[in-house]
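Remember, it's a predicted structure, so these values are computed and weren't measured experimentally. Per chain, numbering begins at 1; letters A, B, ... match sequence-line order.
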There are 2 protein chains.
Amino acid sequence: MNKVDKSKKTVSSDGDALTCDSSLVHLEQVRQVQSEIVTTEKAQQMAQFFGAMADPHRLKLLSALVKAELCVCDLAAVVKMSESAVSHQLRLLRNLRLVKHRREGRNVYYSLADAHIANLYREVAEHLDEA
Amino acid sequence: MNKVDKSKKTVSSDGDALTCDSSLVHLEQVRQVQSEIVTTEKAQQMAQFFGAMADPHRLKLLSALVKAELCVCDLAAVVKMSESAVSHQLRLLRNLRLVKHRREGRNVYYSLADAHIANLYREVAEHLDEA
DNA sequence: TATTCATCTGAATAGACATTCAAGCTTAAA
DNA sequence: TTTAAGCTTGAATGTCTATTCAGATGAATA
């Protein structure tokens, strides 16, 4: 990842160097856009977040939690997965702060971390219904 | 995937059967939620969409396209990837209708398919800035 | 028409990820 | 203080995914 080219053509005009495999069609525009796009760190952070939503099983879990706070074994029954698999997925969602949990006796109850998650979920669901 | 359990405990009260590995804590609530969650097909569709956004390189490409319509070699320069890798990623984004393209001479120019994409992008970016 | 540029494509390799299985921990009940 | 329920965890396995590389296409230029 983050391939560094070995002695490719190097174009530079007034600032930092800009390397590429072949020719650039719009040098100035590229320099401009390059300074405006998201940083690598932010992109990784966003990718991690979207990645959490990029699995059918996790989406089902989230859509269940939109409706109610549920414990692990109930969630497993709802989405028809093993409790172990559910637990693994919930840990992932927990680490990214998409869900929160609370213990009550021997049960652990999960719920959505905040309203944003439900909103995002709904937006994408609606977006895909349009086309 | 979609594991089907072999002779686990089966709980049923008034409608279709509900199987699970262990006990259910809240049978009625589970039945209720189960009827309300997203369908498997919709979940897969949504997962595919989120999956498209779940990669730092693709997010950089999208964030560049928020700023301007660009051809492949320019995009490759902006995000510092090989043109081949960019082309592969653009095809993925194209297939999921996140971007559209148009040919002009030997160049192919890409742009965002619609405003939703930019909005979603912005929302998540802002959401992550809060915490 | 031959050549070159811009882009695309398929196969192959390497890395990431989800489920399963077996075992561990915590809490409540016996 | 045993025993069991509910949940978590780590390792292993199989699957998916991204890049690279080599080669093919399509359009413009010589």
Side-chain angles (χ1 to χ4, degrees), chain A residues 1-6 8-9 20-26 30 43-44 47-48 50-61 70-96 99-110, chain B residues 1-6 8-9 20-26 30 43-44 47-48 50-61 70-77 79-96 99 101-110:
Chain A
M1 217 173 266
N2 239 325
K3 165 184 180 292
V4 177
D5 33 10
K6 35 196 174 180
K8 298 276 172 63
K9 189 194 308 184
C20 59
D21 287 10
S22 61
S23 65
L24 286 174
V25 178
H26 309 98
V30 166
Q44 286 171 340
Q48 208 174 29
F50 279 118
M53 314 274 279
D55 178 90
H57 287 141
R58 284 196 292 270
L59 285 171
K60 282 196 171 189
L61 289 172
L70 291 164
C71 64
V72 176
C73 69
D74 285 349
L75 280 169
V78 167
V79 305
K80 299 199 171 92
M81 291 170 66
S82 74
E83 293 178 14
S84 177
V86 168
S87 187
H88 276 295
Q89 300 292 27
L90 287 172
R91 174 168 51 165
L92 191 154
L93 294 173
R94 224 167 55 197
N95 288 340
L96 297 179
V99 303
K100 57 188 177 189
H101 65 300
R102 124 187 119 73
R103 173 155 227 142
E104 187 178 314
R106 10 192 185 197
N107 294 311
V108 177
Y109 289 87
Y110 282 83
Chain B
M1 218 172 264
N2 239 324
K3 165 182 179 295
V4 177
D5 34 9
K6 34 194 176 180
K8 297 278 173 60
K9 190 194 307 184
C20 59
D21 286 12
S22 62
S23 65
L24 288 174
V25 177
H26 309 98
V30 166
Q44 285 170 340
Q48 208 175 26
F50 280 119
M53 315 274 280
D55 179 90
H57 288 141
R58 284 196 291 270
L59 285 171
K60 281 196 172 190
L61 289 173
L70 291 164
C71 65
V72 177
C73 70
D74 285 349
L75 280 169
V79 305
K80 299 199 173 92
M81 291 170 68
S82 75
E83 294 178 13
S84 179
V86 168
S87 187
H88 276 296
Q89 300 292 25
L90 287 172
R91 174 168 51 165
L92 191 154
L93 294 174
R94 225 166 55 195
N95 288 341
L96 296 179
V99 303
H101 66 298
R102 121 189 120 75
R103 174 154 226 145
E104 186 178 315
R106 7 192 190 202
N107 293 311
V108 177
Y109 288 88
Y110 282 84

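Every residue meeting the side-chain contact (heavy atoms from CB on, under 4.5 Å) condition with Gln48(B), not counting sequence neighbours, appears here in chain and number order: Leu96(B). For Arg94(A), the side chain to side chain donor-acceptor pair (under 3.5 Å) partners are Tyr110(A), not counting sequence neighbours. Not counting sequence neighbours, the partners of Arg102(A) by the side-chain contact (heavy atoms from CB on, under 4.5 Å) test are Glu69(A), Glu104(A), Tyr109(A). Partners of Ser84(A) under the side-chain contact (heavy atoms from CB on, under 4.5 Å) rule, at least two apart in sequence or in another chain, are Ser82(A), His88(A).
Here the nucleotide nearest the side chain of Leu92(A), chosen from dT9(D), dA18(D), dA18(C), is dA18(C). In the set dT20(C), dT9(D), dT20(D), the nucleotide with an atom closest to the side chain of Ala85(B) is dT20(D).
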* Base, backbone or nothing for each nucleotide of nucleotides 23-30 of chain D, written B, S, -, heavy atoms under 4.0 angstrom, 5' to 3'? -> ----BBS-

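In terms of heavy-atom proximity, Ala77(B) sits nearest to Val30(A) at CB-CG1, 4.1 Å.
Contact annotation: the side chain of Met81(B) never approaches that of Lys60(B) to less than 4.5 Å [non-hydrogen atoms, C-beta and beyond]. Between Val79(B) and His57(B) the shortest side-chain heavy-atom distance does not fall below 4.5 Å.
Counting to the nearest Å, the P atom of dT9(D) and the CG atom of Asn95(A) are 9 Å from each other. The OH atom of Tyr109(B) sits 13 Å away from the P atom of dC8(C) (whole-angstrom rounding). To the nearest angstrom, C1' of dT19(D) lies 16 Å from NZ of Lys60(B). In this structure, CG of Asn107(B) is placed 5 Å from P of dT7(C), rounded to the nearest angstrom. Look at CD on Glu83(B): it is 14 Å from P on dT19(D), rounded to the nearest Å. Remark: P of dC17(C) and CG of Asp55(A) are 12 Å apart, rounded to the nearest angstrom. Distance CE (Met81(A)) to P (dC21(C)): 14 Å, rounded to an integer number of Å. Rounded to a whole Å, the CG atom of Leu90(B) is 14 Å from the C1' atom of dA18(D).
Between dT19(D) and Gln89(B), a contact under 4.0 Å exists linking OP1 or OP2 to a side-chain N or O. OP1 or OP2 of dC8(C) sits under 4.0 Å from a side-chain N or O of Tyr110(B). Close to dT7(C), at under 4.0 Å from its OP1 or OP2, lies no side-chain N or O of His101(B). Using a 4.0 Å cut-off, no side-chain N or O of Ser82(A) falls inside it from OP1 or OP2 of dT19(C).
Judged purely by atom type and a 3.5 angstrom limit, Arg58(A) uses its side chain to pair as donor or acceptor with the backbone of Gly51(A).
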What pairs of nitrogen or oxygen atoms, one from the protein and one from nucleotides 10-16 of chain C, lie under 3.5 Å apart?
| unit_1 | atom_1 | unit_2 | atom_2 | d |
| --- | --- | --- | --- | --- |
| dG10(C) | O6 | His88(B) | NE2 | 2.8 |

* Apply side chain to side chain contact (heavy atoms under 4.5 Å, CB included) to the pair Leu90(A) and Leu75(A), showing each step before the final yes or no. => CA-CA 10 Å; Leu90(A) 287 172; Leu75(A) 280 169; 4.0 Å; yes

